[in-house]
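What follows is one structure encoded as structure tokens, with my remarks underneath.
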Amino acid sequence: MQSNGFYEHDAALAQYLEFHFGELWHGEPNFPKELADAALEAMDGRYSGRALDIGCACGRTSFELARVFDHVDGIDYSNRFVQACKEMATHKVIRYARPEEGELVTHQERTLEHLGLEQTPKRVVFHQGDACDLPPQFKDYDLVLAGNLIDRLYDPARFLTTIHERLTHDGLLVIASPYTWLEEYTPRESWVGGFLKDGQPYGTLDGLRDTLAPNFRLLGQPRSLPFVIRETRNKFQHSFSELTVWQRVDV
């Protein structure tokens, strides 16, 4: 192990690069890949022309969607993450310093070829952007996928009440979230759920149903996807994300 070198990235970026492209931990599958697989399954024969991966982080889900979709836009608020996505798309390899213990790191190298994704970059474009204030050119998608995003937005209702404008008339919105509402990301008055309403528990799924009802209908039942984020050799976050699929309906 070494503590410096050309592999150096900041710890948070290295953490997410490992989450997207690294090893599997504690018997759980790769979450960004599972997210894409679930979305592709939900398409169920629908036309797979254009997809939007909003909150794409380090890009694995975007690359996985591009196995099937003709075009995928990956958007993230973090410019550091977007630059990592572009590096992987351009060079088909990414190197990073994975935290191990204290100042100790190990140098990691991951390739798209190893993941069977070497042909996908030609169908993916990455952008820095705000999910709550997307430019008008991001539209006409057959799928919008928001993975572990809504509980990190400053105005999730704005995203949820306008995202139908980005979809084709029967396009799908796939949302996955652990519903971890924190005031450091989302003002308390903007939470979609996770509080008492009229004296009764009001969960995020309740909030999603109410907020999306004018423009979407829920397909099937929610499902739970596990994910593990490795912080160091001895510290991991083991969480679950609830996945729901919504079809746009014309009012």
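Since this is a predicted model, take the numbers as computed values, not measurements.
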Quiz prompt | Distance-only polar pair, side chains of W181 and T204, donor-acceptor under 3.5 Å | solution = yes

Quiz item: Less than 6.0 Å separating the ring centroids of Y185 and Y154?
Solution: no

Practice problem: Please step through side chain to side chain contact (heavy atoms under 4.5 Å, CB included) for the pair R67 and T120, ending with a clear verdict. | Solution: CA-CA 6 Å; R67 291 186 290 112; T120 61; 4.0 Å; yes

Quiz item: So, the side chain of S48 versus the backbone of F69: is there a donor-acceptor pair under 3.5 Å, distance only?
Solution: no

Quiz item: Linking I/L/V/M/F/W/Y whenever any side-chain heavy atoms sit under 4.5 Å apart, do L160 and L243 land together?
Solution: no

Quiz item: Under a single-linkage definition using a 4.5 Å side-chain heavy-atom cutoff for Ile, Leu, Val, Met, Phe, Trp and Tyr, are V245 and I54 assigned to the same hydrophobic cluster?
Solution: no

Quiz item: Does the side chain of P121 come within less than 4.5 Å of T90's, by heavy atoms?
Solution: no

Quiz item: Any ion pair linking D10 and R80 (charged N to carboxylate O, less than 4.0 Å)?
Solution: yes

Quiz item: Is there a donor in the side chain of D210 and an acceptor in the side chain of Y202, or the other way round, less than 3.5 Å apart?
Solution: yes

Quiz prompt | Main-chain N/O of V68 paired to R123 side chain as donor or acceptor, under 3.5 Å | solution = no

Practice problem: Assess whether side chain to side chain contact (heavy atoms under 4.5 Å, CB included) is satisfied between H114 and F21, documenting all intermediate values. | Solution: CA-CA 10 Å; H114 178 73; F21 303 109; over 6 Å; no

Self-check item: Least distance between heavy atoms, P99 atom then E231 atom
Solution: CB-O, 3.7 Å

Quiz item: Do side-chain atoms of H20 reach the backbone of R60 as a donor and acceptor pair under 3.5 angstrom?
Solution: yes

Self-check item: Side-chain touch R50/D140, heavy atoms, less than 4.5 angstrom
Solution: yes

Quiz item: Going by atom types only, do E242 and T244 share a side-chain donor-acceptor pair under 3.5 Å?
Solution: no

Exercise. Mind listing the closest non-hydrogen atom pair of L13 and C58 along with its distance?
Key: CD1-SG, 3.9 Å

Quiz prompt | Over all atoms of both residues, closest heavy-atom pair of P178 and F227 | solution = CG-CZ, 4.3 Å

Exercise. For E109 and T111, run side-chain hydrogen bond (donor to acceptor under 3.5 Å, both in side chains): C-alpha distance rounded to whole Å, both residues' side-chain angles, the deciding distance at 0.1 Å, then the answer.
Key: CA-CA 7 Å; E109 179 178 290; T111 68; over 6 Å; no

Exercise. Would you sort out whether R110 and E23 count as a side chain to side chain contact (heavy atoms under 4.5 Å, CB included), showing the intermediate values?
Key: CA-CA 10 Å; R110 311 296 183 196; E23 300 176 47; 3.9 Å; yes

Quiz item: Under 4.5 Å between side-chain heavy atoms, hopping through other hydrophobics if needed: is there a path connecting V82 to V144?
Solution: no

Practice problem: Can you measure from OG1 (T61) to CZ (F31) and round to the nearest 0.5 angstrom? | Solution: 7.5 Å

Self-check item: Residues, nucleotides or ligands: over 12 heavy atoms within 6.0 Å of Y77 OH
Solution: no

Quiz item: In Å and rounded to the nearest 0.5 Å, what is the NZ to CG distance from K33 to L24?
Solution: 10.0 Å

Quiz item: Using the benzene-type ring in the case of Trp, are the ring centres of Y16 and Y96 under 6.0 Å apart?
Solution: no

Exercise. Using the six-membered ring of F195, assess whether NZ or CZ of R188 lies under 6.0 Å from its centre and within 45 degrees of the ring axis.
Key: yes

Quiz prompt | Minimum-distance pair of heavy atoms, taken over all atoms of K139 and E165 | solution = CB-O, 4.4 Å

Practice problem: Indicate yes or no: does D142 engage R248 in a salt bridge with an N to O separation below 4.0 Å. | Solution: no

Quiz prompt | Under 3.5 Å: donor-acceptor pair, side chain of D133, backbone of D130 | solution = no

Quiz item: Can you tell me if R158 uses its side chain to pair, donor with acceptor, with the backbone of D155 under 3.5 Å?
Solution: no

Quiz item: If you look at every heavy atom in A39 and L145, which pair is closest and at what distance?
Solution: CB-CD2, 4.3 Å

Quiz prompt | Test log, rule side chain to side chain contact (heavy atoms under 4.5 Å, CB included), inputs W246 and R217 | solution = CA-CA 5 Å; W246 309 81; R217 65 182 180 94; over 6 Å; no

Self-check item: E113, CD: over 12 other non-hydrogen atoms inside 6.0 angstrom
Solution: no

Exercise. Might you confirm whether atom NE2 of H238 has over 12 heavy atoms from other residues, nucleotides or ligands at distances under 6.0 Å?
Key: yes

Practice problem: Measure the shortest side-chain to side-chain distance between D73 and H127 over non-hydrogen atoms and say whether it is less than 4.5 angstrom. | Solution: yes

Quiz item: In Å, rounded to the nearest 0.5 Å, how long is the span from CG of L218 to CD of Q247?
Solution: 11.0 Å

Quiz item: What is the ring orientation for H164 with F216, classed by angle as parallel under 30°, tilted 30 to 60°, or perpendicular over 60°?
Solution: perpendicular

Quiz prompt | Geometric cation-pi criterion, R166 with F138: 6.0 Å, 45° | solution = no

Quiz prompt | Pairwise distance CG(L172) to CE(M43) - rounded to 0.5 angstrom | solution = 5.5 Å

Self-check item: Short side-chain to backbone donor-acceptor contact, D53 and G74, under 3.5 Å
Solution: no

Quiz prompt | Between CD1 on residue I75 and SG on residue C85, distance to nearest 0.5 Å | solution = 11.5 Å

Quiz prompt | Residues R98 and E18 bridged, charged N to O under 4.0 Å | solution = yes

Exercise. Return yes if some donor-acceptor pair links the side-chain N/O of S177 with the main-chain N/O of N148 below 3.5 Å, else return no.
Key: no

Quiz item: Do other residues, nucleotides or ligands put more than 12 heavy atoms under 6.0 Å from E189 CD?
Solution: yes

Quiz item: Do L143 and L52 come within less than 4.5 Å of each other through their side chains, counting heavy atoms only?
Solution: no

Quiz item: Are side-chain heavy atoms of L173 and L212 found at a separation under 4.5 Å?
Solution: yes

Quiz item: Are L208 and Y179 side-chain neighbours, meaning at least one heavy-atom pair lies under 4.5 Å?
Solution: yes

Self-check item: Cationic N near anionic O, under 4.0 Å, E118 to K92
Solution: no

Practice problem: Could you tell me how the ring of F63 sits relative to the ring of F126: parallel (under 30°), tilted (30 to 60°) or perpendicular (over 60°)? | Solution: perpendicular

Exercise. Test salt bridge (Lys or Arg N to Asp or Glu O under 4.0 Å) on E100 and R230 and set out the steps.
Key: CA-CA 10 Å; E100 298 294 341; R230 181 193 188 278; 2.6 Å; yes

Quiz item: What pair of heavy atoms forms the shortest contact from L35 to G147, and how long is it?
Solution: CD2-CA, 3.6 Å

Self-check item: Close side-chain approach of S190 to P156, heavy-atom, < 4.5 Å
Solution: yes

Quiz item: Do the side chain of T186 and the main chain of L153 share a donor and acceptor less than 3.5 angstrom apart?
Solution: yes

Exercise. Report yes if some heavy atom in the side chain of L134 is under 4.5 Å from a heavy atom in the side chain of T162; otherwise report no.
Key: no

Quiz item: Could you state the interatomic distance from OG1 (T232) to CD (Q15), rounded to the nearest 0.5 Å?
Solution: 9.5 Å

Practice problem: State plainly whether one hydrophobic cluster holds both Y141 and V124, where clusters connect Ile, Leu, Val, Met, Phe, Trp and Tyr through side-chain heavy atoms under 4.5 angstrom apart. | Solution: no

Quiz item: If you group Ile, Leu, Val, Met, Phe, Trp and Tyr by side-chain heavy-atom gaps below 4.5 Å, do F19 and L115 land in one group?
Solution: yes

Quiz item: Any luck finding a side-chain donor-acceptor pair between Q221 and R223 under 3.5 Å?
Solution: no

